[in-house]
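Counting starts at 1 for both ligands and their atoms, in listed order.
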Amino acid sequence: MKPEAFEPKILAFCCHYCAYSSADLAGSMRLQYPPNVRIIRTPCTGRLETEYFMKALEKGADGVLVAGCLEGGCHFIEGNYCAKRRVDYIRDLLAEIGIDKERLRMVNVSAAMARPLTEIITDMVETVRKLGPNPLGAARTNPTLETA
Ligand code: FES
């Protein structure tokens, strides 16, 4: 029996005003991106706490994408700057515990950037596919991988 190929699960937090609209536009334009991504719409990326990123990884996501408005374009003034600081903090924390920081990324897009967003999503899926299953999620689902 052939082993199943690894299909990464990516969780994408998209802000309502730009990234989510861009993803919606991608659908209207019939642009394709891998079906590995589950999008969660958030009012603003500034609404996302650091624990959301860790929780997503602990609960089995192989990668987390945070997509907000362009810098200077946040509808809540500085929400995307707050999100960037939080994402950078968790990326550093992931590196410290031996998990590749590329599993968490933040990008900035406008509502009209449907094509770049599909490229970003595709690149994220391919990057995480190369990294393999998230060790945090794998440990959760496979007790033999858990540390004492
Ligand atoms: Fe889009 Fe703040 S409203 S990142």
Say whether [X] and [Y] are linked into one hydrophobic cluster, either directly or through other cluster members, by side-chain heavy-atom distances under 4.5 angstrom.
X    : Y    : result
I10  : V64  : no
M106 : V109 : no
V66  : F76  : no

Suppose the criterion is side-chain hydrogen bond (donor to acceptor under 3.5 Å, both in side chains): which pairs have a residue in residues 17-35, not counting sequence neighbours?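 As it turns out, there is no side-chain hydrogen bond (donor to acceptor under 3.5 Å, both in side chains) pair with a partner in residues 17-35 once direct neighbours are skipped.
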
Does a side-chain N-to-carboxylate-O contact under 4.0 Å join K130 and D100?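 Salt bridge between K130 and D100, a charged N being under 4.0 Å from a carboxylate O: no.
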
What are the protein N/O/S atoms, named by residue and atom, that sit under 2.8 Å from atom 1 (Fe) of ligand 1?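 For atom 1 (Fe) of ligand 1, the protein N, O and S atoms that sit under 2.8 Å away are C15 SG, C69 SG.
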
Partner of L65 by side chain to side chain contact (heavy atoms under 4.5 Å, CB included), out of I121, V37, I39: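 Considering I121, V37, I39, a side chain to side chain contact (heavy atoms under 4.5 Å, CB included) with L65 is found only for I121.
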
